[in-house]
Amino acid sequence: MKDCLFCKIINKEILAEIVYENNDIAVFKDAHPSAPIHYLVVPKEHIQSIMHLESNHQEIISKLIFTAKKVAEETGLKGYKLIFNVGREGGQVVDHLHLHLLGGWTK
Ligand code: AMP
Ligand code: ZN
């Protein structure tokens with residue numbers, strides 16, 4: 001979507017440190033990390049938030065979680081947090097669905 005920060009990152013119009021991507025998902029480093037490892041796991045399709053999910057999005061949500069698990073394993077994390085901020089009241093600032101992967105405190 002035009003004027004969406006994460007769509008621009010996915011389309012390589014804005015630079016981010018992408019650590020993994022496939023046809024459906026991109027994973028890149030958070031620009032302001034809240035943990036030693038802080039990645040954003042992002043569907044390439046523009047979905048605004050968890051509140052905007054429709055029934056046809058079940059598969060992409062599953063893929064987000066399995067991708068977070070794979071990237072966490074490949075990063076060597078023994079434990080981690082997965083967080084969705086949902087809506088402004090839930091702390092969501094970027095209106096393109098994303099899963100925060102946080103870890104690396106005791107590596
Ligand atoms: P949220 O508050 O859940 O919407 O999270 C948005 C996240 O995007 C925050 O953790 C920001 O640090 C991160 N962020 C903002 N701009 C960029 C950027 N250009 N590249 C990577 N991460 C970003
Ligand atoms: Zn977007």
Side-chain angles (χ1 to χ4, degrees):
M1 184 195 250
K2 201 172 162 291
D3 298 332
C4 168
L5 175 63
F6 287 178
C7 282
K8 286 180 180 169
I9 288 175
I10 288 160
N11 294 327
K12 316 271 163 64
E13 294 163 30
I14 289 179
L15 194 67
E17 210 170 323
I18 295 177
V19 297
Y20 174 82
E21 73 177 313
N22 62 28
N23 283 341
D24 306 306
I25 290 169
V27 182
F28 51 87
K29 292 188 181 178
D30 195 292
H32 308 284
S34 305
I37 301 286
H38 187 173
Y39 297 157
L40 300 170
V41 186
V42 183
K44 290 191 171 178
E45 178 184 349
H46 181 90
I47 303 166
Q48 189 171 327
S49 79
I50 290 285
M51 281 193 281
H52 294 77
L53 286 179
E54 294 173 10
S55 54
N56 61 316
H57 291 132
Q58 296 214 13
E59 192 178 338
I60 193 67
I61 292 301
S62 172
K63 285 178 178 174
L64 276 188
I65 293 170
F66 276 92
T67 301
K69 173 181 183 285
K70 173 188 164 70
V71 171
E73 282 168 5
E74 288 175 359
T75 308
L77 299 178
K78 305 276 192 307
Y80 45 91
K81 296 179 197 282
L82 295 177
I83 297 173
F84 286 107
N85 294 327
V86 185
R88 289 289 173 274
E89 288 190 27
Q92 185 176 2
V93 174
V94 177
D95 288 334
H96 180 131
L97 182 70
H98 51 280
L99 178 58
H100 293 261
L101 166 60
L102 299 137
W105 296 280
T106 56
K107 261 185 108 176

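Only heavy atoms go into these numbers, but all of them, side chains included; no hydrogens, no water, no symmetry mates.
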Going by heavy atoms in the side chains, are L102 and Y80 under 4.5 Å from each other? no

So, does E21 use its side chain to make a donor-acceptor pair with the main chain of A26 at under 3.5 Å? no

Could you tell me if the side chain of V71 sits less than 4.5 Å from the side chain of L101, heavy atoms only? yes

Partners passing side chain to side chain donor-acceptor pair (under 3.5 Å) against K81 (at least two apart in sequence or in another chain): none

Stepwise, does the side chain to side chain contact (heavy atoms under 4.5 Å, CB included) test hold for D3 with K8? CA-CA 8 Å; D3 298 332; K8 286 180 180 169; 4.1 Å; yes

Side-chain contact, heavy-atom cut-off 4.5 Å: S49 with D95? no

Residue pair I37, T75: steps toward the side chain to side chain contact (heavy atoms under 4.5 Å, CB included) verdict: CA-CA 9 Å; I37 301 286; T75 308; 3.9 Å; yes

Pairwise distance CH2(W105) to CG(L77) - rounded to 0.5 angstrom: 8.5 Å

Check the hydrophobic clustering (I, L, V, M, F, W, Y; side-chain heavy atoms under 4.5 Å; chains of links allowed) and say if I65 and I60 are grouped together. yes

How close do G103 and A35 get, heavy atom to heavy atom, and via which atoms? O-CB, 3.8 Å

Just how far is it from atom NZ of K63 to atom CD of E59, taken to the nearest 0.5 Å? 4.0 Å

If you count heavy atoms of other groups shown closer than 6.0 angstrom to NZ of K44, is the number above 12? yes

E74 CD: over 12 foreign heavy atoms closer than 6.0 Å: yes

Is the shortest heavy-atom distance from the side chain of H57 to the side chain of I47 under 4.5 Å? yes

I need the I25 CD1 to L99 CG distance, nearest 0.5 Å. 9.5 Å

Any salt bridge between K29 and E17, counting N to O under 4.0 Å? yes

Nearest atoms (heavy-atom pairs only) where P33 meets H38: CA-ND1, 3.5 Å

In the hydrophobic cluster built from side-chain contacts under 4.5 Å, what are the other members alongside F28? L5, F6, I9, I10, I14, I18, L40, V42, V94

Would you confirm whether H96, through its side chain, and M1, through its main-chain N or O, come within 3.5 Å as a donor-acceptor pair? no

Using side chain to side chain contact (heavy atoms under 4.5 Å, CB included), reason through F84 and Q92 one step at a time and then give a plain yes or no. CA-CA 8 Å; F84 286 107; Q92 185 176 2; over 6 Å; no

Please confirm whether the ring centroid of H100 lies under 6.0 Å from the ring centroid of H98. yes

Backbone of Q58 reached by a side-chain donor or acceptor of S62 within 3.5 Å: no

D30 side chain vs H32 backbone, donor-acceptor pair below 3.5 Å: yes

Is any side-chain heavy atom of L97 less than 4.5 Å from a side-chain heavy atom of L64? yes

